[in-house]
Peer 1: 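Handing you this structure, nothing more for now.
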Amino acid sequence: MKDKISVLLSEEEVDRRIRELGEAVSRDYAGKSVHLICVLKGGAFFACELAKRITVPVSLDFMSVSSYGAGTSSSGVVRISKDLDEPLEGKDVLIAEDIIDSGRTLSYLIEILKKRNPASLRLCTLLDKPDRRVVDNVTVDYTGFEIPDKFVVGYGLDYAQKYRNLPYIGVIEGEE
């Protein structure tokens with residue numbers, strides 16, 4: 001069965017906004033370097049595009065943390081399946097996330113990373129659903145787009161591992 005997907009944010013809109021985020025990060029980190037942490041799997045598309053648009057030196061590491069299974073809503077159980085390869089002590093760290101929904105995953109991740117003594121720790125997300133937030137200790141420093149409470153796919157975001165490769169952000173019709 002083929003899912004019907006409508007475009008929420010076009011490829012051009014996403015590209016333009018990531019360029020603007022890269023400019024903002026570059027301004028804020030002028031004279032420093034950024035240690036970019038990509039939250040896998042969904043954040044890979046966004047983190048790579050963002051890194052290309054940051055003009056200060058960038059190092060990159062990957063972490064896999066999730067609170068989703070194969071469904072369309074957060075399970076509430078956070079799990080680390082891949083930790084970082086590099087220590088964070090003394091580094092200016094920027095987490096690159098595809099979407100922040102309930103905030104549980106990021107709240108958990110931020111607490112873990114703070115204990116590793118970075119010089120600074122900031123958060124950049126392509127998409128934010130503030131209406132879905134259930135934790136209040138997640139501060140987003142850079143937001144691509146605030147979106148309505150719809151289940152979205154594309155640009156790294158998936159539905160049961162499908163649709164990550166769409167070059168735009170779409171909504172699966174009939175999904176909540």
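What you are looking at is a predicted structure, and each value in this text was computed from that prediction instead of being measured. Residues: numbered from 1 along the sequence shown.
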Peer 1: Salt bridge or not between Arg122 and Asp92? Use side-chain N to carboxylate O under 4.0 Å.
Peer 2: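 No, Arg122 and Asp92 are not salt-bridged.
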Peer 1: Are Lys114 and Glu111 close enough for a salt bridge, meaning some N to O gap below 4.0 Å?
Peer 2: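 Between Glu111 and Lys114 there is a salt bridge, with a charged N closer than 4.0 Å to a carboxylate O.
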Peer 1: So which atom in Leu21 and which in Cys124 form the shortest heavy-atom distance, rounded to 0.1 Å?
Peer 2: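 Heavy atoms only, the tightest pair is CD1-SG, 4.3 Å.
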Peer 1: With a 3.5 Å distance limit and no angle check, can you tell me whether Asp61 reaches the backbone of Glu86 through a side-chain donor-acceptor pair?
Peer 2: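 Yes: the side chain of Asp61 pairs with the backbone of Glu86.
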Peer 1: Is Asp98 salt-bridged to Arg164, going by a charged N under 4.0 Å from an acidic O?
Peer 2: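 Salt bridge between Asp98 and Arg164, a charged N being under 4.0 Å from a carboxylate O: no.
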Peer 1: Which heavy atom of Glu173 sits nearest to which heavy atom of Ser6, and what is that distance?
Peer 2: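 Residues Glu173 and Ser6, closest heavy atoms: OE2-OG, 2.6 Å.
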Peer 1: How close do Asp83 and Ile80 get, heavy atom to heavy atom, and via which atoms?
Peer 2: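 Minimum heavy-atom separation between Asp83 and Ile80: N-CG2, 4.2 Å.
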Peer 1: For Arg53, is there an ion pair with Glu49 - N to carboxylate O distance below 4.0 angstrom?
Peer 2: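 Yes, Glu49 and Arg53 are salt-bridged.
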Peer 1: Would you mind reporting whether Leu121 and Leu88 have side-chain heavy atoms less than 4.5 Å apart?
Peer 2: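 No, every pair of side-chain atoms sits at 4.5 Å or beyond.
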Peer 1: Mind listing the closest non-hydrogen atom pair of Ile100 and Asp128 along with its distance?
Peer 2: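 Closest approach of Ile100 to Asp128: O-OD1, 3.4 Å.
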Peer 1: Name the orientation class of the two ring planes belonging to Tyr159 and Phe151 (parallel below 30°, tilted from 30 to 60°, perpendicular beyond 60°).
Peer 2: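 Perpendicular.
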Peer 1: Under the side-chain contact (heavy atoms from CB on, under 4.5 Å) test against Phe46, which residue among Val39, Val14, Leu126 passes?
Peer 2: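 When side-chain contact (heavy atoms from CB on, under 4.5 Å) is applied between Phe46 and each of Val39, Val14, Leu126, only Leu126 qualifies.
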Peer 1: Checking the side chain of Lys129 only, and the main-chain atoms of Lys150 only, is there a donor and an acceptor separated by less than 3.5 Å?
Peer 2: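 Yes.
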Peer 1: Which value, rounded to the nearest 0.5 Å, describes the distance between Arg132 atom CZ and Arg104 atom CZ?
Peer 2: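 Nearest 0.5 Å value for the CZ-CZ distance: 8.5 Å.
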Peer 1: For Thr55 versus Ser26, what's the shortest heavy-atom pair and its separation?
Peer 2: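 For Thr55 versus Ser26, the nearest heavy atoms are N-OG, 2.8 Å.
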